[in-house]
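Input: a single structure, listed below in structure tokens.
Each ligand, and each atom within it, is numbered from 1 in the order the structure gives.
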Amino acid sequence: MAYARTDRIGEEVRRELDRIIREELRDARVSGTYSITYADVTRDLRYARIRFSVLEEEKRGPMLNALKNAAAFLRRELGHAMRLRYTPELLFELDDNIAYGAHIASVIKQVAPPAPIPNATEEDAAKVIQKAERVAIIPHVNIDGDAIGSSLALKRILEGLGKRADVYCPTPLADYYKFLPGAESVMGANDADEIIKSHPKGGPFDLAIAVDSSSLDRLGSCAALLEHARDSLVIDHHATNDGIARVNWVDKDAAATGSLMYRLADALDVELDPVVAECLLTALSTDTGHFSQRNTDAESLVVASECVEAGADIAELAERLHKLRTLSKTRLIACALNSLESHFGGKVTVMRATAADFRETGTNEDDSEGIIDFGIAVKGTLATVFASERAGGIKISFRSRPPINVAAVAQQFGGGGHELASGCTIESTLDEAVGRALSALGELADISG
Ligand SMILES: [Mn+2]
């Protein structure tokens, strides 16, 4: 059945190309008595081998060159003329040249399916992006400022290149990020599920991009988009990244995924506009504690400087992201501060937010963001634990100072993150989860030594 379909498409491609070449391709090298004899379209529509023959021998070479030079133009025209979900790349060969035909066959073998790229660079990322027309962007669950800022910046960058890009949030976006330009257009996990159900694999997305996400778990049910799209890319800065896409661009030394988006914009030759600037500054500001944590590097300050130059208001953002909080959140902080404990001779602090705290203050999980900073702010603290009671278990967050590596501790419980900031979920009571987190810290991070 599939063969019959590609045969039919092949014949349509052949007919349309013949018409386009005769009517629209103005190239003196295309002359004489020629015919487009056959179009062989691969089943995934990625490639079409176009065979043609020319009666006059001396005109064969020039015509082949003319068609190869015009391949991009012909493909575009073909795309307009035919309603295909993907316009194949055109590979021309002379009907009567067996050697060239064999070469084309080996090229097709080499390029399909594309090989995974485990250590990709911004150039690799730019290449797969340039090829895509419709893109799905997926930030991680419990979306933070880096994830949403980077995702919305990426959406804007891609739209600037004339592509269609949508952000699919695996969990709802917290209210305090809704001021970001583009936040009103984000889609949810249900939208992603529906698209996956109503389209065959490979459509409608040419590319799915996971942002700031170190594992498939972190994408919730939106992880399916990565499998479903024609191609996949991850852009991330977590050292614990599993290599979840075909093209994996992970720079663990980057302060934020926002820094990578800045490099990507440069690689794609896209200038920062006020929208990209505000989103990127949010990403950087969130992941660096407004440019004050240890991961704040020269690049993050360059990005910040460029964002301010492009129109982002850094004071306003600092207020929105770090200084202003609701009365109910302020009360939740009071509960957490009240629970403060000191362990390992003052080297580890612990705070908790119980289900009752959330209920009585009228807050939700999103409001616990940033509370952990109060724990690491206590003088003499090398590591801090913040445990909050959630529907799905106890969410444990860790922060530390060098050389204490809390990524390893979170991984022990199936979580992940960075050396100095990580998290996991433990299914138990609040007290038991805190006990287990503390003993893991003691053993793995050698806190007692
Ligand atoms: Mn990040």
Side-chain angles (χ1 to χ4, degrees), residues 120 122 125 137-155 157 167-171 173-174 176-177 180 183 186 209-220 222-223 233-245 248-265 276 278-304 307 317 321-322 366 368-370 372-373 376 386 395 397-400 405-407 410-411 415-424:
E122 55 259 53
I137 299 168
I138 316 148
H140 59 69
V141 293
N142 306 324
I143 308 168
D144 64 11
D146 187 26
I148 191 63
S150 296
S151 295
L152 290 174
L154 179 59
K155 174 181 162 72
I157 290 167
V167 176
Y168 290 88
C169 294
T171 52
L173 190 60
Y176 47 78
Y177 290 126
L180 283 169
V186 300
I209 308 179
V211 172
D212 199 38
S213 305
S214 53
S215 65
L216 286 176
D217 293 1
R218 298 279 290 152
L219 299 175
C222 292
L233 164 68
V234 58
I235 304 178
D236 183 30
H237 69 132
H238 292 90
T240 52
N241 194 292
D242 294 341
I244 53 179
N248 298 277
W249 178 26
V250 181
D251 182 350
K252 65 177 177 53
D253 296 323
T257 297
S259 304
L260 304 185
M261 294 306 169
Y262 173 79
R263 290 184 220 165
L264 181 68
V276 175
E278 189 166 7
C279 293
L280 285 190
L281 194 56
T282 296
L284 268 298
S285 171
T286 307
D287 263 23
T288 60
H290 206 58
F291 308 99
S292 64
Q293 288 165 9
R294 276 166 211 281
N295 62 341
T296 308
D297 56 2
E299 184 184 40
S300 45
L301 296 172
V302 167
V303 178
C307 289
L317 266 184
L321 297 170
H322 305 283
D366 294 336
S368 59
E369 168 94 29
I372 193 163
D373 297 333
I376 198 74
F386 175 58
K395 168 89 201 296
S397 302
F398 298 97
R399 292 287 184 280
S400 64
N405 175 0
V406 286
Q411 270 180 306
H418 308 286
E419 278 182 28
L420 305 181
S422 65
C424 60

Shortest-distance N/O/S atom, Asp287 versus the Mn ion (ligand 1): OD2

Using the side chain to side chain contact (heavy atoms under 4.5 Å, CB included) rule, pick out the option among Leu284, Thr288, Thr282 that qualifies with Thr286. Thr282

With sequence neighbours left out, the residues meeting side chain to side chain contact (heavy atoms under 4.5 Å, CB included) with Gln411 are Thr240

Rounded to 10 degrees, what angle sits at the Mn ion (ligand 1) between Asp146 OD2 and His237 NE2? 100°

Please test His237 against Asp287 for side-chain hydrogen bond (donor to acceptor under 3.5 Å, both in side chains), starting from the C-alpha separation and ending with a verdict. CA-CA 11 Å; His237 69 132; Asp287 263 23; 3.1 Å; yes

Nearest to the Mn ion (ligand 1), which N, O or S atom of Asp212 do we find? OD1

Pick from Ile138, Val186, Ile137: which one makes a side chain to side chain contact (heavy atoms under 4.5 Å, CB included) with Cys169? Val186

